[in-house]
*Asks:* 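Below are the structure tokens for one structure; questions will follow.
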Amino acid sequence: MNDDTKQYVNWFRHSSPYINAHRGNTFVLMLSGEAVAHANFANIVHDIALLNSLGVRLILVHGSRPQINERLQLKQITSQLHHHLRVTDQDTLTCVIEASAIVRAEIEARLSLGLPNTPMAGSRIKVVSGNFVTAKPVGVLDGVDMAHTGEVRRLDADAIAQQLDDGNIVLLSHLGYSPTGELFNLSVEDVATCAAASVDADKLVLFGADKGVLDSSGQLRSELLTRKAERLVGQYLASLEDADQPHTELSRHIEAAVNACRKGVQRCHLVSYKEDGALLAELFTRDGSGTMVLPESYEQLRQATVEDVGAVLELIQPLERDGTLVRRSREVLENEIDRFTLIERDGVVIGCAALYPFMQESVGELACVVVSAEYKGGARGDELLQAIEERARQQGLKQLFVLTTKTAHWFIERGFCESDVETLPNEKKAFFNLQRNSKVFTRDLSAD
Ligand SMILES: CC(C)(COP(=O)(O)OP(=O)(O)OC[C@H]1O[C@@H](n2cnc3c(N)ncnc32)[C@H](O)[C@@H]1OP(=O)(O)O)[C@@H](O)C(=O)NCCC(=O)NCCS
């Protein structure tokens with residue numbers, strides 16, 4: 001097997017947890033008109049087809065801003081911006097409808113591709129669109145009649161869910177209909193956000209020209225909490241001199257992500273429509289390719305400090321008493337507390353795990369993985385395990401081992417393999433407590 005094949009097999013194996021996690025989930029993908037017009041859109045469609053075949057329930061929401069502008073220019077219509085929104089008068093509305101229809105047809109055509117020599121061979125995707133979005137007029141803003149510029153009033157979540165249940169991809173546009181039979185031009189961000197919230201989507205993905213959000217030193221932020229994201233948008237808006245100035249795409253996208261999080265969507269992703277594979281990298285790799293915006297939780301994972309010694313003792317003592325964990329005195333714990341990672345909820349420590357590195361052998365001992373009884377069942381053990389693995393990788397360790405008497409299966413189910421006392425680092429072997437007769441399990445830390 002050559003190196004490329006090995007790398008491919010390795011990548012494929014590492015993506016399997018994500019494949020399992022995403023199956024049956026609902027994702028809303030927002031494709032601006034710019035994204036649809038970009039040369040990389042063909043690749044995005046292939047990746048959408050792949051998500052569909054992996055069992056992800058998909059709602060696509062498209063815009064058509066540049067396509068509308070093209071038509072307006074062609075017909076020499078000057079459309080007015082007011083409060084950074086387009087005023088959609090009757091002539092403009094005609095351009096909006098035309099542009100939207102063309103973009104929709106383009107997406108449907110691309111999703112229909114199934115030629116044998118393409119990545120979409122045999123995909124047979126069914127795309128459904130309809131009057132799922134009910135709109136209302138924005139009305140008169142500071143004396144300016146916004147005419148057919150509207151905002152989302154509601155979405156028919158049940159009808160959309162039914163289509164998704166039938167295995168269809170739902171395609172929504174930036175057009176909405178009112179019960180009075182009128183048509184409204186909506187912002188694509190508004191439709192995408194409301195769609196994600198009303199169908200309880202697991203993710204909202206916003207395709208933009210940028211890779212995501214950069215920090216002050218120009219590095220891509222892979223995660224951004226909503227409060228920070230909101231502050232960034234606030235700073236940007238405050239820097240605008242003119243209220244009618246159109247907002248940048250990135251600020252609109254961050255704002256949409258924040259709104260979606262506030263409405264209950266747990267994960268929003270900003271990814272590039274220009275970069276081939278950005279969507280797959282964001283969804284199927286640990287580091288991602290863009291910026292994930294997520295709500296603050298009142299639970300946080302953090303390093304322990306000496307002030308946590310009491311709380312950790314309280315958490316682990318019941319398990320020391322029943323023999324699940326080896327006893328640690330307060331003194332020992334005080335010395336070792338910086339090896340602990342904690343989950344704190346509303347100021348209370350409800351979970352912990354520790355990493356003891358053996359630098360000479362490049363291995364680390366995972367120890368003391370505990371979740372408080374009343375909080376079990378929330379995958380917090382996995383969260384702790386992941387954090388310890390991350391910490392071990394940062395320290396350059398190649399393998400984790402764990403000694404356990406009662407929790408063998410929990411570790412086996414998380415990829416640990418039974419090993420032998422002889423494989424332990426010498427220092428650990430010297431102190432191995434034969435009486436406890438613990439089993440040894442190891443797990444390699446991949447380099448990815
Ligand atoms: C291991 C632990 C941290 C996981 O906490 P958690 O993330 O909240 O997960 P849960 O306790 O809900 O367990 C998740 C799954 O593992 C199983 N599991 C838990 N403990 C197990 C054990 N000792 N042996 C086998 N399976 C176990 C659960 O039954 C559950 O399976 P299910 O989803 O099929 O029902 C927690 O169970 C714990 O604190 N255990 C006691 C301390 C311990 O044994 N630590 C390891 C020694 S270092």
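Note that these values count all heavy atoms, side chains included, but never hydrogens, waters or copies made by symmetry. For ligands, and for the atoms within them, numbers begin at 1 and follow the listed sequence.
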*Asks:* Among all protein non-hydrogen atoms, which one is nearest to atom 13 (O) of ligand 1, and what is the separation to 0.1 Å?
*Replies:* Trp410 NE1, 3.9 Å
*Asks:* Among all protein heavy atoms, pick out the one at the shortest distance from atom 36 (C) of ligand 1; state its residue, atom name and that distance to 0.1 Å.
*Replies:* Lys376 CE, 3.6 Å
*Asks:* Is it the case that over 12 heavy atoms from other parts of the model lie below 6.0 angstrom from the CD atom of Gln162?
*Replies:* no
*Asks:* Nearest protein heavy atom to atom 41 (C) of ligand 1, by residue and atom, and its distance?
*Replies:* Leu319 CD2, 3.8 Å
*Asks:* Under 4.0 Å from atom 8 (O) of ligand 1, do we find at least one protein heavy atom?
*Replies:* yes
*Asks:* In terms of atom number and element, which parts of ligand 1 are under 4.0 angstrom from non-hydrogen atoms of His409?
*Replies:* 25 (C)
*Asks:* What's the shortest distance from atom 6 (P) of ligand 1 to any protein heavy atom, and which residue and atom give it?
*Replies:* Gly381 N, 3.8 Å
*Asks:* Which donor-acceptor pairs under 3.5 Å do side chains of residues 406-414 form with protein atoms, sequence neighbours excluded?
*Replies:*
{"residue": "Lys406", "atom": "NZ", "partner": "Asp322", "partner atom": "O", "Å": "2.8"}
{"residue": "Arg414", "atom": "NE", "partner": "Asp382", "partner atom": "OD1", "Å": "2.7"}
{"residue": "Arg414", "atom": "NH1", "partner": "Trp410", "partner atom": "O", "Å": "3.0"}

*Asks:* Can you sort out which atoms of ligand 1 are near Cys368, meaning under 4.0 Å from one of its heavy atoms?
*Replies:* 48 (S)
*Asks:* If I apply the N/O under 3.5 Å rule, does Arg414 come out as touching ligand 1?
*Replies:* no
*Asks:* Do Leu403 and ligand 1 have an N or O pair less than 3.5 Å apart?
*Replies:* no
*Asks:* Counting only heavy atoms on the protein side, is anything nearer than 4.0 Å to atom 30 (C) of ligand 1?
*Replies:* no
*Asks:* For atom 45 (N) of ligand 1, is the nearest protein heavy atom closer than 4.0 Å?
*Replies:* yes
*Asks:* Counting from 1, what ligand 1 atoms have a heavy atom of Arg380 closer than 4.0 Å?
*Replies:* 7 (O)
*Asks:* If you have a sec, work out which protein heavy atom is nearest atom 42 (C) of ligand 1 and how many Å separate them, to one decimal?
*Replies:* Val369 O, 3.4 Å
*Asks:* Does anything in residues 348-374 pair up under ring pair (Phe, Tyr, Trp, His ring centres under 6.0 Å), and if so which pairs, sequence neighbours excluded?
*Replies:* Phe358-Phe401
*Asks:* Would you call Leu385 and Val369 a side-chain contact if the rule is heavy atoms closer than 4.5 Å?
*Replies:* no
*Asks:* Number the atoms of ligand 1 from 1 as they appear, then name those within less than 4.0 Å of a heavy atom of Lys406, with their elements.
*Replies:* 22 (C), 23 (N), 24 (N)
*Asks:* Where is the nearest protein heavy atom to atom 12 (O) of ligand 1: which residue, which atom, and how far?
*Replies:* Gly377 N, 2.8 Å
*Asks:* Any nitrogen or oxygen of Val371 lying under 3.5 Å from a nitrogen or oxygen in ligand 1? Just yes or no.
*Replies:* yes
*Asks:* Please report whether atom 4 (C) of ligand 1 has a protein non-hydrogen atom at a separation of less than 4.0 Å.
*Replies:* yes
*Asks:* Quick check on atom 33 (O) of ligand 1 - does any protein heavy atom sit closer than 4.0 Å to it?
*Replies:* no
